[in-house]
Amino acid sequence: MARQRKPPAAPTVTFWGATRTVTGSLHRVDAGDLVLLLDCGLFQGHRAESRHRNETFPFRPGDVDAVLLSHAHVDHCGNLPNLVRQGFAGPIYCTPATRALAAVMLGDAAKIQEEDAGYLNRKRGKGEPKVEPLYDGRDVYRTLLQLHAVPYDTPRSVGHGLEATFVNAGHLLGAAMIQLRLDTPTGERRLTFTGDRGRPGVPILRDPAPVPPCDLLVSESTYGGHTHEPVEETVERLGEVVSRTADRGGKVLIPAFSVGRTQTIVYFLHQLQKAGRLPEVPVYVDSPMAVRATEVFRAHPECFNDETLRMMAIDPDLFGERWVHYVDRVHDSIALNDRPGPCVIVSASGMCEAGRILHHLKHHIEDARTTILIAGFQAPDTLGRRLVERRPEVRILGRLFTVKAEVVVLNGLSAHADHGELLQGLRPLAGTTRQVRLVHGEPERAAALAEGLRAAGFADVAIPDRGESVTL
Ligand SMILES: [Zn+2]
């Protein structure tokens, strides 16, 4: 970073990802002669478009000085190994828990990239060029060496005249909002990036901290205009769904991301079981990654709320390891397909785009006794979204299936703040924050939040297009 400094210009932020959509978080900050990135996530959607978007950076990766990473979900960190593969050699700053979780997430993402490339290569004719994975295990290894852990609430210099502070976002273990202080020719400027903001009052994690004050706010807007069901009601319904399905002899299939959502669901199922409000059915977590992620959770109690710490002191079996069957080997996963009688199967991926859940769906979606319980946000063009839309037929692994299973949507387990919770978190900034830019939301969601923020007194609220910039 010791290079010749030009006279500093006013800092700018350019939005390169998660614009009018919820995937591929990527924002570039130009401050003097320094280039920073906020997040470097995977774009997920149609295969060909995703591949192109993820492969091609709109800048030279070697020109980036540092990355500030909000959290370990792949739509925020999943393209880092590709950035490294293409020449980025600088530090990646994140919280300690994010560093640990990112190792699990990126290792798995590389495996998926390699499997995807292998699948495409098998379908290719002789003489056709081979498809390379976007990145592989070696790229992930190099990326992990570039991760620098910065504890919460501890300002850290990330370049000349630039200081970053990670503040608890209460969204995923280790998730942070990032406040950036920048020295400019006309004085200090502050930028706050919310990353993904969580909900107050959910189990395990501490409530999100107040949003750090700033001149420019870059906020997520995933659930703008939407109100989540209260957590208690959701848990109540979760218990009812399992009972109802068990009564008719069916299986409850819960597509869930292995990191975060799976632990939340297991936690609630365990609570219901301890309270005697769950029928005596076996619960399977069919995901090798969930096993590793749960270990990371246990190693980072600094992210837990007081209630969870108290409970852990009494019973350290927070994630029901004694009671839940964690399924690691493929062989045991396949054996579950023929297992008679009711049970609960939690399996990845969360949007039913890949992973073992597809095999469980294939085997049970045409059985009217089955319940498919959707507990997370489903992006457009995913199998999960089609199930939420109650399509009568869906395609799974190349074959058409009639949906006879009951589909239940439980949004109350979301790891994202809803409209009211976002407004409540952001409102204290009205009057001091001059500019707001909304990212990480589909257009109608972002528009609803923009309207709410204007009504709350924010003057300059906009929803940037891809490649649009704002000057601080
Ligand atoms: Zn997230």
Side-chain angles (χ1 to χ4, degrees), residues 15 17-19 21-27 37-45 67-80 92 94-95 97-106 108-109 152 166-178 192-200 202-209 211 218-224 226 228 255-265 289-290 293 296-297 300 303 348-351 353 374-379 382 384 411-418 421-422 425 438-442 445-446 449:
F15 305 97
T19 50
T21 178
V22 293
T23 76
S25 184
L26 177 69
H27 313 297
L37 295 183
L38 300 170
D39 288 349
C40 185
L42 272 187
F43 177 83
Q44 293 153 304
V67 179
L68 306 175
L69 174 61
S70 67
H71 65 292
H73 276 146
V74 287
D75 60 323
H76 295 259
C77 75
N79 213 16
L80 281 168
I92 301 160
C94 61
T95 65
T98 294
R99 186 169 72 164
L101 267 189
V104 179
M105 302 293 259
L106 294 178
D108 185 69
Y152 281 124
F166 293 82
V167 178
N168 174 37
H171 161 73
L172 169 72
L173 191 90
M177 299 179 274
I178 302 169
T192 293
F193 172 48
T194 62
D196 288 351
R197 191 168 161 84
R199 313 183 62 191
V202 297
I204 308 173
L205 300 179
R206 285 189 286 134
D207 282 355
V211 181
V218 177
S219 174
E220 68 126 316
S221 54
T222 316
Y223 280 108
H226 179 90
H228 293 324
F257 288 109
S258 309
V259 179
R261 186 61 44 82
T262 290
Q263 287 75 21
T264 309
I265 290 167
M289 185 159 69
V296 175
F297 266 71
H300 287 278
C303 301
S349 80
M351 297 191 197
E353 277 306 273
I374 306 276
F377 186 85
Q378 304 297 315
T382 60
N411 274 332
L413 299 182
S414 174
H416 284 272
D418 69 9
E421 291 159 349
L422 275 172
L438 298 180
V439 295
H440 206 285
E442 288 174 24
R445 298 283 186 208
L449 184 63

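Keep in mind that this is a model prediction, so the values were computed, not measured. When a ligand or atom number is given, it counts from 1 through the structure's own listing order.
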Under the ring pair (Phe, Tyr, Trp, His ring centres under 6.0 Å) test, residues paired with Phe193 that sit two or more places apart: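 If we apply the ring pair (Phe, Tyr, Trp, His ring centres under 6.0 Å) test to Phe193, skipping adjacent residues, the hits are His27.
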Residue and atom, protein N/O/S, under 2.8 Å of the Zn ion (ligand 1):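 Short answer, with waters excluded from the count: His71 NE2, His73 ND1, His171 NE2, Asp196 OD2.
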What's the separation between atom NE2 in His73 and atom OG1 in Thr98, rounded to the nearest 0.5 Å?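 The distance works out to 10.0 Å.
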Distance in Å, Leu69 CG paired with Asp39 CG, rounded so as to fall on 0.5 Å steps: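 If I round to the nearest 0.5 Å, the distance is 5.5 Å.
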For Asn79, which residues count as a side chain to side chain donor-acceptor pair (under 3.5 Å) partner, sequence neighbours excluded?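 Per chain and number, Asn79 pairs via side chain to side chain donor-acceptor pair (under 3.5 Å) with Asn82.
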Distance only, no hydrogens: is a donor on one side chain within 3.5 Å (strictly under) of an acceptor on the other, for Asp196 and His71?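 Judged by distance alone, the side chains do pair up.
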Who pairs with Arg197 by salt bridge (charged side-chain N to carboxylate O under 4.0 Å, His left out), at least two apart in sequence or on another chain?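 Testing Arg197 for salt bridge (charged side-chain N to carboxylate O under 4.0 Å, His left out), a comparison that skips the adjacent residues, returns none.
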